[in-house]
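One structure is given below, encoded as structure tokens.
Counting starts at 1 for both ligands and their atoms, in listed order. All residue numbers in this chain count up from 1 along the given sequence. Every heavy atom of this structure was used, including side-chain atoms; hydrogens, water molecules and symmetry mates were not.
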Amino acid sequence: MKGNSSRRSFLAAGLAVPAAALASATRPETAAQKAKQPDSGSGPLRYRTLGKTGLKVTGMGFGCMITSDQSVIEKAADLGINYFDTARGYQGGNNERMVGAALKAKRKSLYISTKTGARDKKAALADLETSLKEIGTDYVDVWYLHGRSSGSQLTDDLLEAQQQAKKEGKARFVGFSTHGGHADVIPAGVAKKMDVILAAYNFTLEPDVTKVVDEAAKAGVGMVAMKVMAGGFRRVKPGTKLYDQLKKEGSMLTALKWVLKNPNVQTTVPSITDMDQLDEDMKAMTAPWTENDAQVLAEQLEYIRPLYCRMCGKCDGTCPKGVPVADVLRYLSYAEGYGQYRLGRESFLELPEEVTSVRCADCATCAVRCPNGVRVAERLIRAQELFT
Ligand code: SF4
Ligand code: SF4
């Protein structure tokens, strides 16, 4: 592995670790975690069963969202990674096509998931047809409704589309993805008998999120984790203890290990852009969790606290000008955390004009209060400066 990997370019933070942060990263395992399902596999690969689907997935999957080098995806498949997540909207509409081309030779032995952002049955089914053409396949293994944050967004109409896709053999299993609102949308997904849920899940989240994830898994829903790196803010100042630690072990490795500590998460889809990251992330399936890892994540949590929006929804509706705070902060993290400026800006500009034209700098004080310590107005001003 290269020591100068971008994954390891860390900035800032003289970090005293508050007890609450350490507790968050070191909290005891839940009963479900203790009753751990056995992983199977040998060498660097470990497999878990994706809920009631029966699919044996590698604990580390592959999030293709920001991968531009097709050979990295091919290499991951060669190494035995078998779960790949895409969506057409990624990379200016080209991601599905690139993923399909990369995995063509191994299609039958791999699992591919994609998504639709459509809001009605007809549009969703049309979207699926396009996805199949783009990927170059007759079926996808998991077809998600994209970015749902409340049970009310899992409409009967869309569920009918998913069932029809299953009947026609175009989607083996169905589910939805969620960035926030877990406490509402995940139990709703369980009640509606979703096969798989792709949820933002990382070390910054409160224990109640782990609880709903555990309950969904217990009900037989396959659980896939995304946003495992908590926004990608990995920059810690060289010369600090945290920098040395992360350089030695790899920043993503520690965050991934935290997620895989929970046996109720069956696979993860970290964004991977180069061979160095792939090599580092592969170790998460077998590397043991240590007390030192807990300390590293606690320090990292303090570093990203003012920057990273957990999309908890607690500030929804509190901006009098209607700014969708969590969405804008997520787009900012695409640009600053993952280095995906274009994706961040394009996502921002899809918001209504009455939202994109707001300037937070014009407010004397911000009405939004974040209980998690995000400097909301400052971050929104940054997004508005970057994207408009
Ligand atoms: S800004 Fe804070 S309160 Fe609002 S969604 Fe993000 S983490 Fe939650
Ligand atoms: S500063 Fe706060 S209250 Fe003002 S527009 Fe921005 S988010 Fe809304």
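Protein contacts to atom 4 (Fe) of ligand 2 involving N, O or S atoms at a distance below 2.8 Å are Cys363 SG.
Of the candidates Cys309, Pro371, Gly313, Pro371 brings a heavy atom nearest to atom 3 (S) of ligand 1.
A salt bridge does not link Asp195 to Arg172: none of the charged side-chain nitrogens sits closer than 4.0 Å to a carboxylate oxygen. In this structure, Asp127 does not pair ionically with Lys115, as no charged nitrogen and carboxylate oxygen lie closer than 4.0 Å.
Tyr341 and Phe387 have tilted rings, their planes meeting at an angle from 30° to 60° on a 0 to 90° scale. Using bins of under 30°, 30° to 60° and over 60° for the plane-to-plane angle, the ring pair His146/Tyr90 lands in the perpendicular bin.
Atom 2 (Fe) of ligand 1 has Cys370 SG, 2.3 Å as its closest protein atom, hydrogens excluded (heavy atom only). For atom 4 (Fe) of ligand 1, the closest non-hydrogen atom of the protein is Cys315 SG, 2.3 Å. For atom 8 (Fe) of ligand 1, the closest non-hydrogen atom of the protein is Cys312 SG, 2.3 Å.
Looking at Cys370, Cys366, Pro306 one by one, the single match for side-chain contact (heavy atoms from CB on, under 4.5 Å) with Arg375 turns out to be Pro306.
You'll find the ring centres of Phe176 and Trp143 outside the 6.0 Å limit.
The other residues sharing a hydrophobic cluster with Val196 are Leu50, Leu55, Val57, Tyr83, Tyr111, Val142, Tyr144, Phe173, Leu198, Val224, Met226, Val269, where clustering joins ILVMFWY side chains under 4.5 Å apart.
The backbone N or O of Leu158 lies less than 3.5 Å from a partner atom in the side chain of Thr155, making a donor-acceptor pair.
Close approach of ligand 1 to Asn372 (heavy-atom distance below 4.0 Å) involves ligand atoms 7 (S), 8 (Fe).
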